[in-house]
Engineer: 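Take this structure first; my questions come after.
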Amino acid sequence: HTDPSTANQVTGMWILTQALKKVGIDTMYGLVGIPVTEFAYIAQGEGIRFLGFRHEQQAGMAAATHGFLTKTPGVLLTVSSLGFLNGLTATTNATVNCYPMIQISGSSERPPIDLMQGTYEGLDQLNIAKPLVKAAYRINRPEDIMTGVVRVYRAAVSGRPGGVYLDITTPCLGAVMDRAAAEATLYTPVDTCPPMIPSQTSVARAMQLLASAKKPVILLGKGAAYAQIDDKIKKFVESTGIPFYQMSMAKGLLPDNHPLSANSMRSAFMEQSDVVVLVGARLNWLLSRGHGKWNPAGKFIQLDIDPEEIDINRQIAAPVVGDLESSIDAMLAALPSYKLSMDPEWVPYIQSQSKLKNEKFMQRFVAQTVPMTHWSALSAVRKVMAQNPDVILVNEGANTLDDTRDAIDMMLPRHRIDCATWAIMGMGMGSAVGAAVATSKSVVAIEGDSAFGFSGMDFSTACRFKLPVTVVIFNNGGIYNGIGQNLGKDGDPAPTTLNVNARYDKLGDAFGAQTYYVTTPDELEKALTEAIASKKTCLIDVQLAADSGKESGHIGYLNPATLFPVN
Ligand SMILES: Nc1ncnc2c1ncn2[C@@H]1O[C@H](COP(=O)(O)OP(=O)(O)O)[C@@H](O)[C@H]1O
Ligand SMILES: Cc1ncc(Cc2csc(CCOP(=O)(O)OP(=O)(O)O)c2C)c(N)n1
Ligand SMILES: [Mg+2]
């Protein structure tokens, strides 16, 4: 597979490779085939890492995670039609979650697409992508490749980050151009993600409101984690002395056990806070869209880069529109000019109530039940994760997501990647690979067994690239707890001692992983400790009781026994 380019002539594939290097791309995730295989080889030959996956959705989740963790857009490469569509779910999810990523897909030549003449893998990809992603462009001519790459790069990283689609046609990839003319089109763009400075007026308005607050709270969202201004966030919290709450992917910006953490006091600050500071956090469903328990008299200060985010669900009394670094800098600079009037009992109240709640919460880990529940399994996992704070945690499921989020304190920023704003399943294996590749750190993915099912075949990708990824599967027999179980007669509740039949460790054996099958907390603690220390690709099947966890509806119970005769 050599590049067909010659001393005097180059192909569109070569130009695309050079253009990606000009904007600092050194890694691509994807699944090759017609018409992008040759391009991937050329890119590899020019020093761009390429990680081949089993499904484009997981390659896209890896690219999105890469973007969130590095602020350089992750690149997803797919073939046309279904490969493009498989990847589009990840690019759309990245757009919803504000992760910067670029999906590059080969596409058919235009005339037979536009005339619907039935071409190989023909699909009008650009127009299908447009409504779902932050921006979408098509390149038809080799001389436009650099422009197309700069457009998608800027769209992915500037303003609110998001997923962007770049469509490049087969004729363009294969087009031949004079080398000198092609080189003349290449350049490194200037200032691709400029600061967005908030107005002084907006900062003064926010500081006045903050200074008047009796029971303020600071909510840190994944935008604050993404901004990579960790010391400034810490300084803002500690110099104001205001309690803070971290959304799931902001956990670790300050340690979850920080004395100002209101992590266990969500209801209290929702009901009582008179001023709420949203820092890179949307007032969306994850925060009851600002209604329900929220104090109706509460006033909101919102720091966000997206002006259209303001007032989406509640009036924002003091919007500060700008990039978080510029906004936090401005507020820190103004702080000495203001005297805060926080109720001196507010922080002691938060701290004393947190202590009581945390002590009560710890009771959940006492029962070392066998068969295990999520909580008895987490009693072991939390111990091992506390000893390995620099391991990145990937997490998805229902009970597995909620319980793990509450059970495992994060000590470092950008060390927790989960199903986030859209709460989709199937981000696990791609995110684990993307996190390991982007950071060279070890990764532990705590997966519900149903959630694992969406991306499980790409566990083999982690094995193939020998990544230090340990997948821990909380196996309670399927979606929530029980679909597909051989249930009691006439839909009666299933007996709680049903053995869970699946053995995911054997799947790991098939791909050469270091695997474990554990049924007790002690076995799990030993296995996870060993797996992380090994820095190998590992899989731990954690057998839980079939009825562990709660679900929104025992839909498996609706099946009459006659449909599924109990064997
Ligand atoms: N660099 C940045 N500066 C300011 N705001 C940002 C930046 N990056 C992302 N954001 C904003 O952060 C917010 C992230 O919100 P969200 O994804 O709901 O986080 P969470 O679910 O953790 O609360 C988005 O509104 C986005 O516009
Ligand atoms: C793309 C998509 N399809 C389906 C669903 C609906 C769902 C929400 S949670 C979940 C899996 C829960 O079972 P799991 O075994 O993972 O966890 P546990 O509670 O510990 O047993 C599903 C299928 C979502 N959210 N996204
Ligand atoms: Mg399950």
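When reading the values below, keep in mind they use all heavy atoms of this one structure, side chains included, and skip hydrogens, waters and symmetry mates. Counting convention: from 1, in listed order, for ligands and their atoms alike.
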Engineer: So is Gly397 polar-close to ligand 2, meaning N/O to N/O under 3.5 Å?
Structural biologist: no

Engineer: Taking the side chain as every heavy atom from C-beta outward, state whether Lys215 and Ile350 have any pair of such atoms under 4.5 Å apart.
Structural biologist: no

Engineer: Any idea which residues sit under 4.0 Å from ligand 1, heavy-atom distances?
Structural biologist: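 Ligand 1 is contacted, at a heavy-atom distance under 4.0 Å, by Cys98, Arg160, Pro161, Gly221, Lys222, Gly223, Tyr226, Met247, Gly280, Ala281, Arg282, Asn284, Leu286, Asp304, Ile305, Asp306, Glu309, Gly322, Asp323, Leu324, Thr421.
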
Engineer: May I ask you to list the atoms of ligand 2 that are less than 4.0 angstrom from any heavy atom of Ile424?
Structural biologist: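 Reading through ligand 2 atom by atom, the close ones are 26 (N).
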
Engineer: Suppose we only allow N, O or S atoms; which atom of Asp449 ends up nearest to the Mg ion (ligand 3)?
Structural biologist: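 Of all N, O or S atoms belonging to Asp449, OD1 is the one nearest the Mg ion (ligand 3).
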
Engineer: If I compare all heavy atoms of Leu401 with all of Arg416, which pair ends up nearest, and what's the gap?
Structural biologist: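 Taking every non-hydrogen atom into account, CD1-NH2, 3.6 Å.
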
Engineer: Before accepting this row, confirm whether a basic side-chain N of the pair Asp230/Arg414 lies closer than 4.0 Å to the acidic partner's carboxylate O.
Structural biologist: yes

Engineer: Going by the rule side chain to side chain contact (heavy atoms under 4.5 Å, CB included), which residues pair with Asp406 if we only count those two or more places apart in sequence or in a different chain?
Structural biologist: Phe361

Engineer: State if Ala423 counts as touching ligand 2 under the rule of any non-hydrogen atom under 4.0 Å.
Structural biologist: yes

Engineer: Indicate, as side chain, backbone, both or neither, the part of Asp449 found under 4.0 angstrom from ligand 2 when only non-hydrogen atoms are considered.
Structural biologist: both

Engineer: Tell me which pairs pass salt bridge (charged side-chain N to carboxylate O under 4.0 Å, His left out) where either residue lies in residues 314-335, with sequence neighbours left out.
Structural biologist: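 Sorted result for residues 314-335: Lys232-Glu325, Lys232-Asp329.
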
Engineer: Is the CG atom of Asp231 crowded by more than 12 outside heavy atoms at less than 6.0 Å?
Structural biologist: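 No - once you tally the heavy atoms of other residues, nucleotides and ligands closer than 6.0 Å, there are 12 at most.
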
Engineer: State whether Asp402 and Arg405 are salt-bridged, where the test is any N-O pair (Lys NZ or Arg NE/NH1/NH2 against Asp/Glu carboxylate O) under 4.0 Å.
Structural biologist: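 Here Asp402 pairs with Arg405 in a salt bridge, since their nearest N and O are under 4.0 Å apart.
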
Engineer: Compute the shortest N/O to N/O distance between Phe474 and ligand 2 and return yes if it is under 3.5 Å, no if not.
Structural biologist: no

Engineer: Going by heavy atoms, is His374 under 4.0 Å from ligand 2?
Structural biologist: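 Yes.
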
Engineer: Is there an N/O/S atom in Ser548 at a distance below 2.8 Å from the Mg ion (ligand 3)?
Structural biologist: no

Engineer: Counting both backbone and side chain atoms, is some N or O of Ser450 under 3.5 Å from an N or O of ligand 2?
Structural biologist: yes

Engineer: What residues form a side chain to side chain donor-acceptor pair (under 3.5 Å) with Asp505, not counting sequence neighbours?
Structural biologist: Arg503

Engineer: May I ask you to decide whether Arg160 forms a salt bridge with Glu309, counting only side-chain N to carboxylate O separations under 4.0 Å?
Structural biologist: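 Judged by the 4.0 Å cut-off on N to carboxylate O distance, Arg160 and Glu309 do form a salt bridge.
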
Engineer: Pick whichever of Glu447, Met425, Met427 has a heavy atom sitting closest to atom 1 (C) of ligand 2.
Structural biologist: Met425

Engineer: Give yes or no for whether the N/O distance cutoff of 3.5 Å, strictly under, is met between Ala398 and ligand 2.
Structural biologist: yes

Engineer: Heavy-atom distance under 4.5 Å between the side chains of Thr470 and Leu528, does that happen here?
Structural biologist: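 Yes, their side chains come closer than 4.5 Å.
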
Engineer: So, is Phe454 polar-close to ligand 2, with some N/O to N/O distance under 3.5 Å?
Structural biologist: no

Engineer: Which atom names give the shortest non-hydrogen contact between Arg205 and Ala317, and what distance separates them?
Structural biologist: CD-O, 3.5 Å

Engineer: Decide yes or no for Phe53 and Met457: does some side-chain heavy atom of the first lie under 4.5 Å from some side-chain heavy atom of the second?
Structural biologist: no

